[in-house]
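Just so it is clear, the values below take in all heavy atoms, side chains as well, and ignore hydrogens, waters and symmetry mates. Residue numbers run from 1 in the order of the sequence given.
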Amino acid sequence: MRQTSANIYFAYDKEAKSLYGTRKNSILYMTQETYSADDLTAKPAKTSITGISNRTAGKLVITWKKAKSADGYEIYRRAGTTNPYVRAAVIKSGSTTKYTNAKLKKGHTYYYRIRSYRYDENGRKIYSGWSTVKKQKVK
């Protein structure tokens, strides 16, 4: 006999929320993971950029905090303040906390943001919110 597992999520109306409380004050509180009531899928914890190092010409090293329950991270970058963000890298390990972005133009300022992701039971990526934006000028 094959065993399967499943996740169960609950959504409450206003009356139930007023009766049971909300967030950490709820008597029904069972997890520290963030979740979305819209899609009822647990989201990974949000991460934050801890630093951007500029020790080598044309390269920036981005470091961030490890996010609980993350399967990986997506790093987005933009050059200057008016260009759109583009995906610089997809990190496929939740334990990785460092990325080197090479072949950057000397003297340009780059802006970075990062988000963590995890896979749901159907193999789709579920994303956390964005980190705060950090910038660094390249040597």
Side-chain angles (χ1 to χ4, degrees):
M1 175 179 217
R2 183 175 169 212
Q3 293 182 352
T4 60
S5 64
N7 295 324
I8 300 173
Y9 301 96
F10 297 92
Y12 299 98
D13 60 14
K14 287 181 182 180
E15 184 179 329
K17 286 180 183 179
S18 67
L19 179 63
Y20 298 120
T22 58
R23 303 197 186 269
K24 290 185 179 182
N25 296 327
S26 173
I27 61 172
L28 302 173
Y29 182 72
M30 292 187 277
T31 182
Q32 293 181 353
E33 292 185 34
T34 56
Y35 63 92
S36 168
D38 296 332
D39 61 7
L40 301 176
T41 301
K43 292 184 178 183
K46 190 174 170 180
T47 187
S48 61
I49 297 172
T50 56
I52 302 177
S53 173
N54 189 17
R55 294 186 186 143
T56 308
K59 292 182 181 180
L60 294 176
V61 178
I62 298 95
T63 55
W64 60 90
K65 287 184 181 179
K66 184 178 173 182
K68 184 178 177 181
S69 74
D71 291 328
Y73 305 92
E74 288 189 356
I75 301 169
Y76 279 72
R77 170 194 75 217
R78 78 174 180 189
T81 57
T82 58
N83 293 321
Y85 277 97
V86 294
R87 188 168 63 195
V90 176
I91 309 300
K92 296 182 179 181
S93 169
S95 60
T96 301
T97 59
K98 183 169 136 178
Y99 168 73
T100 302
N101 196 185
K103 298 181 182 178
L104 300 173
K105 293 183 181 180
K106 182 180 176 180
H108 282 73
T109 300
Y110 292 91
Y111 295 77
Y112 290 88
R113 64 184 184 175
I114 186 171
R115 63 183 176 178
S116 55
Y117 68 85
R118 64 178 283 207
Y119 293 102
D120 69 4
E121 57 276 352
N122 297 320
R124 293 179 300 188
K125 283 184 180 177
I126 306 298
Y127 296 99
S128 70
W130 289 106
S131 69
T132 57
V133 174
K134 300 279 185 178
K135 68 178 181 175
Q136 181 66 48
K137 189 173 184 177
V138 178
K139 286 184 185 181

Closest approach of [X] to [Y] (non-hydrogen atoms, all atoms of both residues):
{"X": "Lys98", "Y": "Val61", "result": "CG-CG1, 3.7 Å"}
{"X": "Arg118", "Y": "Asp71", "result": "CA-OD2, 3.3 Å"}
{"X": "Ser69", "Y": "Pro44", "result": "OG-CA, 3.5 Å"}
{"X": "Val90", "Y": "Lys125", "result": "CG1-NZ, 4.1 Å"}
{"X": "Val138", "Y": "Lys59", "result": "CG1-N, 4.4 Å"}
{"X": "Asn54", "Y": "Lys139", "result": "O-CE, 2.8 Å"}

message = Are Ile52 and Tyr110 connected into the same hydrophobic cluster when the rule is that any two of I, L, V, M, F, W, Y join if their side-chain heavy atoms are below 4.5 Å apart?
response = yes
Between [X] and [Y], is there a donor-acceptor pair closer than 3.5 Å when you use the side chain of the first and the backbone of the second?
{"X": "Asn122", "Y": "Arg124", "answer": "no"}
{"X": "Ser131", "Y": "Arg113", "answer": "no"}
{"X": "Tyr73", "Y": "Gly94", "answer": "yes"}
{"X": "Trp64", "Y": "Thr96", "answer": "yes"}

query = For Tyr112 and Asn101, does a side-chain donor sit closer than 3.5 Å to a side-chain acceptor?
reply =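 Side chains of Tyr112 and Asn101: pair found under 3.5 Å.
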message = Could you tell me if Thr50 and Thr63 have a donor-acceptor pair between their side chains, going purely by distance under 3.5 Å?
response = yes
Nearest 0.5 Å, what's the [atom1]-[atom2] distance between [X] and [Y]?
{"X": "Ile114", "Y": "Thr47", "atom1": "CD1", "atom2": "OG1", "value": "5.5 Å"}
{"X": "Lys66", "Y": "Ser93", "atom1": "NZ", "atom2": "OG", "value": "8.0 Å"}
{"X": "Asn83", "Y": "Arg77", "atom1": "CG", "atom2": "CZ", "value": "10.5 Å"}

request  = Test side chain to side chain contact (heavy atoms under 4.5 Å, CB included) on Ile75 and Ile91 and set out the steps.
outcome  = CA-CA 8 Å; Ile75 301 169; Ile91 309 300; 4.2 Å; yes
query = Which residues satisfy the ring pair (Phe, Tyr, Trp, His ring centres under 6.0 Å) test with Tyr119, sequence neighbours excluded?
reply =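 So Tyr119 forms a ring pair (Phe, Tyr, Trp, His ring centres under 6.0 Å) with Tyr117.
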ask   = Of Arg78, Gln136, Lys134, which is the lone residue that meets side-chain contact (heavy atoms from CB on, under 4.5 Å) with Tyr111?
value =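 Filter result, single survivor: Arg78.
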request  = Run through Lys43, Arg115, Lys46 and flag the one making a side-chain contact (heavy atoms from CB on, under 4.5 Å) with Tyr127.
outcome  =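 The passing option is Arg115.
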ask   = Ile49 and Thr132: side chain to side chain contact (heavy atoms under 4.5 Å, CB included), yes or no, with the steps?
value = CA-CA 7 Å; Ile49 297 172; Thr132 57; over 6 Å; no
query = Is the closest side-chain heavy-atom distance between Val133 and Tyr85 below 4.5 Å?
reply = yes
key: Derivation and outcome, side chain to side chain contact (heavy atoms under 4.5 Å, CB included), residues Arg87 and Glu74   = CA-CA 7 Å; Arg87 188 168 63 195; Glu74 288 189 356; 3.8 Å; yes
